[in-house]
Amino acid sequence: MQWIIFMLLLFISSMEMLTQNRWKKQANAGLLENCTGCVLCSEDNGCITCHHRLFLLIWRDGIRQYGMCVHTCPAGYFGVRGLEVNRCTKCRSPSCESCFSRDFCMKCKDKFYLHKGQCFRQCPPSTAAQPDTRECQETCEPGPWSEWSACTHEGRTCGCKWGVETRVREVPGATREEGAACPTLLETRKCRMRKHCPGGEH
């Protein structure tokens with residue numbers, strides 16, 4: 001009878017050891033999975049420092065924070081290289097998908113438009129929304145048209161039946177920005193020459 005009890009106790013003890021070993025293996029596997037690319041790693045908080053070329057990405061879950069080593073920072077973050085550690089830093093604006101620095105956005109999330117490093121739901125005045133690029137493009141308001149020029153043909157104001165006359169309008173203030181969506185600033189039209197050249201040239 002004692003022999004049977006001894007064998008039962010030995011069997012139960014063996015099963016407990018197997019279960020504990022399995023738990024340890026799973027915990028170690030999970031820790032190694034969370035510590036890919038780490039130099040230092042915490043079982044509770046993941047990566048603390050990363051290999052030289054990787055970025056340390058830290059995110060929060062309630063009051064706890066976790067670290068992960070990544071090759072490139074995810075959307076909403078940008079990489080900052082430092083002497084001791086390279087970090088993924090979050091863009092300040094929640095509507096920014098990718099940024100060059102904390103306050104300068106390069107691409108906005110859906111339903112937002114990019115203008116001078118900032119994201120807007122509606123483009124500011126004197127700009128127009130470009131749906132294809134999700135950017136606000138500068139527009140310009142030109143002044144009034146000038147009077148039509150003299151009718152000319154190849155630079156001459158005489159000698160031919162038909163010529164061309166032009167008129168222009170300018171954008172007031174500073175020179176318009178490159179890429180600004182400006183309307184037509186020069187127009188031409190066909191005109192009839194009104195005089196013959198001296199000496200009877202046609």
Check your understanding: Given side chains that start at C-beta, do those of Phe55 and Arg87 come closer than 4.5 Å, heavy atoms only?
Key -> no

Exercise for review: Kindly indicate whether the side chain of Phe112, heavy atoms from C-beta on, has any atom under 4.5 Å from the side chain of Arg121.
Suggested key: yes

Exercise for review: Might you work through the side chain to side chain contact (heavy atoms under 4.5 Å, CB included) test for Asn86 and Cys50, ending with a clear yes or no?
Suggested key: CA-CA 8 Å; Asn86 303 325; Cys50 301; over 6 Å; no

Point to revise | Chi angles and distances behind the salt bridge (Lys or Arg N to Asp or Glu O under 4.0 Å) call for Lys109, Glu97 | key: CA-CA 5 Å; Lys109 293 180 179 177; Glu97 186 172 310; over 6 Å; no

Review point. Can you name the nearest heavy-atom pair linking Glu187 to Trp148, along with the distance?
Key: O-CZ3, 3.7 Å

**Study point:** Closest approach of Val39 to His51 (non-hydrogen atoms, all atoms of both residues)
**Key:** CG2-N, 3.7 Å

Check your understanding: To the nearest 0.5 Å, how far apart are NZ in Lys107 and OG1 in Thr133?
Key -> 11.5 Å

Point to revise | Side chain proximity check, Thr49 to Cys38, heavy atoms < 4.5 angstrom | key: no

Review point. Is there a path of hydrophobic side-chain contacts, each under 4.5 Å between heavy atoms of I, L, V, M, F, W or Y residues, that connects Val70 with Trp59?
Key: yes

**Study point:** Separation between CG of Asn45 and CZ of Arg64, rounded to the nearest 0.5 Å
**Key:** 6.5 Å

Review point. With side chains defined as the heavy atoms from C-beta onward, is the minimum distance between Tyr66 and Arg60 less than 4.5 Å?
Key: no

Check your understanding: With a 4.5 Å limit on heavy-atom distance, are the side chains of Cys136 and Tyr113 in contact?
Key -> yes

Point to revise | Heavy-atom pair of closest approach, residues Cys158 and Met193 | key: N-CE, 3.3 Å

Point to revise | Arg53 atom CZ, over 12 foreign heavy atoms within 6.0 Å | key: no

Study note, to complete from the structure: Closest non-hydrogen atoms of Leu57 and Tyr77, given as atom of the first, atom of the second and distance, are CD1-CE2, 3.7 Å

Review point. Stepwise, does the disulfide bond (SG atoms under 2.5 Å apart) test hold for Cys73 with Cys88?
Key: CA-CA 6 Å; Cys73 297; Cys88 288; 2.1 Å; yes

Revision key, fill the gap. Note: Leu56 and Ile48 closest approach over all heavy atoms is CD2-O, 3.3 Å

Point to revise | Residues Gln130 and Glu135: side-chain donor-acceptor under 3.5 angstrom | key: no

Check your understanding: Mind checking whether Phe78 and Met106 have side chains closer than 4.5 Å, heavy atoms only?
Key -> no

Check your understanding: Does Glu165 pair with Arg189 as a salt bridge, N-O distance under 4.0 Å?
Key -> yes

Review point. Would you say His115 and Glu138 make side-chain contact, with heavy atoms under 4.5 Å?
Key: yes

**Study point:** Among Cys91, Cys108, Cys105, disulfide bond (SG atoms under 2.5 Å apart) partner for Cys96
**Key:** Cys105

Exercise for review: Examine distances only and state if a side-chain atom of Ser149 and a backbone atom of Arg167 form a donor-acceptor pair shorter than 3.5 Å.
Suggested key: no

Exercise for review: Would you indicate whether the side-chain heavy atoms of Leu114 and Arg134 approach each other to under 4.5 Å?
Suggested key: no

Review point. What distance separates Trp145 CH2 from Leu185 CG, expressed to the nearest 0.5 Å?
Key: 7.0 Å

Review point. Any donor-acceptor pair under 3.5 Å linking the side chain of Gln118 with the backbone of Asp103?
Key: yes

Point to revise | Heavy-atom pair of closest approach, residues Pro144 and Arg169 | key: O-CB, 3.4 Å

